[in-house]
Amino acid sequence: MFKENIILELKEKIKKEPCNIENYKNLANYYIGSDDLDGALLMYENILRINPNDFQSLINLGSIYFYKKMYPQSLQCYNKSIIIEPDNYASYYNLGNIYAEIENFEQALKNYNKALELNPKKADIYTALGYLYQDVDNLQTAKEYYKKALEINPLDSEYNINIANIEQKQGNHTQALNYYLKACESNKKDPKALLCAANTYSALKNFSKAQEYYKKTLEIAPEYYPALVCCAIAYCDENKTVEAINRLKQAIEIDPEKPNAYILLANIFLDEKRFDEALKIYKTVKILLPQNPKILTFIANTYIMTNNYIQAVKYYKKAMKLAPKDNEIKLIYIETITQYIDNKMKGVKNESQHN
């Protein structure tokens with residue numbers, strides 16, 4: 001209610017003083033605080049009608065256009081801002097972000113480098129360059145830029161995580177763990193850093209430490225879906241099936257629209273030969289992902305395990321219809337048909353009557 005009253009007051013001020021830019025700026029700030037980007041966009045457009053050379057309004061308007069994926073309009077704002085303040089790094093940095101988003105590597109690199117030339121102490125620019133090189137799989141160069149960002153701000157957990165992620169991709173799990181642990185030290189309440197450390201301990205087969213960090217993660221963020229799923233995977237690696245099932249059920253309860261936990265849970269039931277339960281869950285996933293041929297293949301595979309070739313063939317056919325170029329599905333389908341015919345020839349009845 002307080003914000004609404006402030007907004008009404010500012011609107012009244014704008015009516016009385018239609019050329020007072022500060023009122024528009026204040027109202028734009030309130031709109032942004034209320035996640036009303038359209039309202040803020042309108043305010044900045046009004047400001048620029050009054051003063052087309054308002055640098056900060058051009059930058060802010062460009063950022064809103066960028067967020068709304070209106071890239072041509074965003075580019076126009078930032079290019080205008082360069083004319084007004086040609087030595088301000090922010091314009092070039094934001095231009096770099098747009099070009100990176102539309103996958104124009106050369107223009108992104110050119111603008112980031114210009115921003116860096118104007119402000120070599122800005123860690124975010126080094127990070128942006130790191131992301132840019134990481135997107136084209138130049139991991140070593142990306143890591144070098146992340147390290148430069150970290151030199152400027154050694155306590156930033158995100159910078160440590162960025163370097164650790166590269167180390168992971170390069171197969172350097174121990175080095176990755178060191179950076180993840182530094183990120184945890186920098187921000188003891190960062191669930192992302194704690195989860196990354198837990199996953200790395202798990203990859204290193206140090207399951208006791210992994211579970212310690214999963215526990216820390218879930219203490220801070222008890223409804224953190226990725227942590228519950230990753231914790232369940234680690235339990236599976238330890239052959240602690242009951243614990244894994246409990247974590248996956250928690251994840252499903254928290255977010256019943258995400259398929260990952262369902263699939264993992266069904267896989268566990270399949271391994272335990274709990275075929276009815278596995279089928280029920282796979283069919284739930286099929287509702288969530290109706291156009292996913294892999295799910296149909298999982299269902300078909302389960303029917304194969306129960307010797308229900310008729311239902312297996314039915315689901316393989318559906319999978320092939322969705323993925324006609326998938327040779328693996330075709331091969332399994334052919335093998336299933338062949339096996340079914342062989343069984344018929346031998347007089348083996350299809351015992352299972354699952355639907």
Exercise. In sequence, state the C-alpha distance, the side-chain angles, and the governing distance for Gln56 and Lys25, and then conclude on side chain to side chain donor-acceptor pair (under 3.5 Å).
Key: CA-CA 10 Å; Gln56 194 57 52; Lys25 288 184 177 180; over 6 Å; no
Quiz prompt | Heavy-atom closest pair, residues Ala28 and Ala40 | solution = O-CB, 3.8 Å
Practice problem: Can you establish whether the number of heavy atoms outside Glu253 located under 6.0 Å from its atom CD is more than 12? | Solution: no
Quiz item: Heavy atoms, side chains only, cut-off 4.5 Å: are Leu61 and Ile47 in contact?
Solution: no
Quiz item: Under a 4.5 Å cut-off applied to non-hydrogen side-chain atoms, are Ile233 and Ser202 in contact?
Solution: no
Exercise. Decide if the gap between the ring center of Tyr99 and the ring center of Tyr71 is smaller than 6.0 angstrom.
Key: no
Exercise. Write down the atom of Phe66, the atom of Asn97, and the distance for their closest heavy-atom approach.
Key: CE1-O, 3.7 Å
Quiz item: Would Asp87 and Tyr92 satisfy side chain to side chain donor-acceptor pair (under 3.5 Å), going step by step from the backbone distance to the final call?
Solution: CA-CA 9 Å; Asp87 293 331; Tyr92 297 99; over 6 Å; no
Quiz item: Crowded around Lys330 NZ? As in, over 12 foreign heavy atoms under 6.0 Å?
Solution: yes
Quiz prompt | Heavy-atom check, side chain of Tyr213 versus side chain of Cys184, under 4.5 Å | solution = yes
Exercise. List the atom of Tyr225, the atom of Ala261, and the distance in Å for their closest heavy-atom pair.
Key: OH-N, 3.1 Å
Quiz item: What is the minimum heavy-atom distance between Glu223 and Ile254, and which atoms define it?
Solution: CA-CD1, 3.5 Å
Quiz item: Does the pair Asp38/Lys68 count as a salt bridge with the N-to-O cut at 4.0 Å?
Solution: yes
Practice problem: Evaluate the ring planes of Tyr146 and Tyr131, with Trp represented by its six-membered ring, and classify them as parallel (under 30°), tilted (30 to 60°) or perpendicular (over 60°). | Solution: perpendicular
Quiz item: Is the Tyr133 ring parallel, tilted or perpendicular to the Tyr145 ring (thresholds 30°, 60°)?
Solution: parallel
Exercise. Inspect the contact between Glu185 and Lys182 and indicate whether a charged nitrogen and a carboxylate oxygen are less than 4.0 angstrom apart.
Key: no
Self-check item: Glu277 and Arg274 ion-paired at < 4.0 Å
Solution: yes
Practice problem: Run through Tyr316, Phe275, Tyr315 and flag the one making a side-chain contact (heavy atoms from CB on, under 4.5 Å) with Tyr303. | Solution: Tyr315
Quiz prompt | ILVMFWY cluster membership beyond Tyr224 - transitive side-chain contacts under 4.5 angstrom | solution = Leu195, Tyr214
Quiz prompt | Tyr93 six-ring face occupied by Lys122 cation (under 6.0 Å, within 45°) | solution = no
Practice problem: Can you spot which of Asn23, Ile32, Asn60, Ile14 makes a side-chain contact (heavy atoms from CB on, under 4.5 Å) with Met43? | Solution: Ile14
Quiz item: After noting the C-alpha distance and the side-chain angles of Glu219 and Lys216, does the key distance pass the salt bridge (Lys or Arg N to Asp or Glu O under 4.0 Å) rule?
Solution: CA-CA 5 Å; Glu219 283 173 355; Lys216 287 180 180 180; over 6 Å; no
Quiz item: Is a salt bridge present between Glu212 and Lys209, judged by a nitrogen-to-oxygen distance below 4.0 Å?
Solution: yes
Practice problem: Look at atom OH of Tyr67 and say whether more than 12 heavy atoms of other residues, nucleotides or ligands are closer to it than 6.0 Å. | Solution: no
Practice problem: Would you check if Gln134 and Leu139 make a side-chain contact, meaning some heavy-atom pair closer than 4.5 Å? | Solution: yes
